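Let me begin by presenting the structure, written as structure tokens, before commenting on it.
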Amino acid sequence: MLQIAYIRENKEDVVKRLMKRNMNAQEQVELVINLDEKRRSLQAELDNVLAESNKLSKDVGALMKSGEKAKAEILKVKSTQLRDQGKELTETLNQVTGQLQEELYKLPNLPADIVPEGKTPEENLNVFEEGEVPKLHEGAIPHWDLIKKYDIIDFELGTKITAPGFPVYKGKGAKLQRALISYFLDKNTEAGYTEMQVPYLVNEASAYGTGQLPDKEGQMYHDVKDDLYLIPTAEVPVTNIFRDVLLQENELPITYTGYTPCFRREAGSWGAHVRGLNRLHQFDKVEIVRVEHPDKSYEALDGMVEHVKEILRELKLPFRILRLCGGDMGFTSSLTYDFEVYSTAQERWLEISSVSNFETFQANRLKLRFKDKDGKNQLAHTLNGSSLALPRVLAGILENYQTPDGIVIPEVLRKYTGFDIIN
């Protein structure tokens, strides 16, 4: 959530920067500022009424002590009127404050200066590319055919048990999935991230805290009875560890990693680009989350990018990195880098990670602050990244490592799988 003080003092800049998201925010920003002015006016009026009421209460007490009951009774009537006025003002103030909060929630984060202009994914900026695309044997097939051929993932069984988009991993497919999770977690902890195991359901405050609500309400699975939400990413519970927390500056940075299944209702569209593992309703992901000093968050973002690079190099998958344009960037992000691996069998790039800096956007919602060296409370910066999302990494491995004799396991995973080929 954007800070109201910043919006108030930098109205034109906010409108201009949100244009990079292809959003004309002029009316919305004006509405927010007007509501804030109304809120502050009501607060000042309420403070005056309460101050006068408190003074009258003291005067009544003094008059009663001195025996001037008649004068005291007159002041009591005025005090009662002021208390009633205070209640009405409080009620109106709460309504305006709630409306202001709702309108603030509608404004996305401000893009960083280096975010490229653009409306569609085709306008994202390719900033890095590495790895040779393997030359597959004649008759190579996409992963949705490979998984049937080797009986390692069963989509029909998942549909029977639950619904489409909930696959069942079998035999070596299940072991390869587990191997990837263990490998990702080990790489992250070796890099200094503390492993956390967190709940898969969160309350409404947590979903608002990291920006999933109200922006992505339709994409989240909601348990209405208990008012809990299945997480779309480990970012939500891990980052909410710090909701309403005041840190000391010397505690920064804080670096966590966690594995969770992720649940997303997005239906997508029909076609080869969403077949098989390309888009699921339930999938596994290992996440990294950082809480940083504002002066160091972009250096930390660069470090996260290098970390994900190293994982893909060890997996020996051809990959590229895109700096997302304003029109393709997530609601909460100031700057996002997407990693994509190349699927030789599908002849297309598959997104497998997003690494983002949210600056103070999430921290403002979370009330996540730190006390700086001057003793002042500041909002921290939050960052997160996938390291990695499994379905498309798995699809890339199955397709790029296929041979006439079977699917070769990347060397770095063999100590986790206990086998070196699926055949």
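These figures come from a predicted structure and were not determined experimentally. These numbers come from the heavy atoms of this one structure, side chains and all, not from hydrogens, waters or symmetry mates.
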Side-chain donor-acceptor pair present, Q3, N364, cut-off under 3.5 Å: no
Note, L413 side chain near L315 side chain (heavy atom, < 4.5 Å): yes
R290 side chain to T382 side chain, donor-acceptor N/O pair below 3.5 angstrom: no
Passing option when L368 is tested against N240, T360, L247, D244 for side-chain contact (heavy atoms from CB on, under 4.5 Å): L247
Presence of salt bridge, K371 and E249, under 4.0 angstrom: no
Test item: side-chain donor near acceptor, E399 and H143, under 3.5 Å: yes
Parallel, tilted or perpendicular: rings of Y221 and H281 (30°, 60°): perpendicular
Salt bridge present between D13 and R17 (N-O < 4.0 angstrom): yes
E351 versus S354, side-chain donor and acceptor atoms under 3.5 Å: yes
Basic-acidic side-chain contact under 4.0 Å: K55, E52: no
Ionic contact status for K11 with E30, cut-off 4.0 Å: yes
S297 side chain vs H381 backbone, donor-acceptor pair below 3.5 Å: no
Check: L185 main-chain N/O paired with T257 side-chain donor or acceptor under 3.5 Å: no
Salt bridge flag under 4.0 Å for residues D154 and K170: yes
Y105 ring center within less than 6.0 Å of Y208 ring center: yes
Pair F128 + F339: ring centers closer than 6.0 Å: no
Pair S333-N109, side-chain donor/acceptor within less than 3.5 Å: no
Under-4.0 Å salt bridge between K309 and E306: yes
Those residues that, when tested against K187, pass salt bridge (charged side-chain N to carboxylate O under 4.0 Å, His left out) (two or more places apart): E314
E156 vs T159, side chain to side chain donor-acceptor pair (under 3.5 Å): CA-CA, chis, key distance, verdict: CA-CA 5 Å; E156 289 76 15; T159 300; over 6 Å; no
No-hydrogen, no-angle side-chain donor-acceptor test under 3.5 Å, N188 and E195: no
Heavy atoms of other groups near K148 NZ, more than 12 under 6.0 Å: no
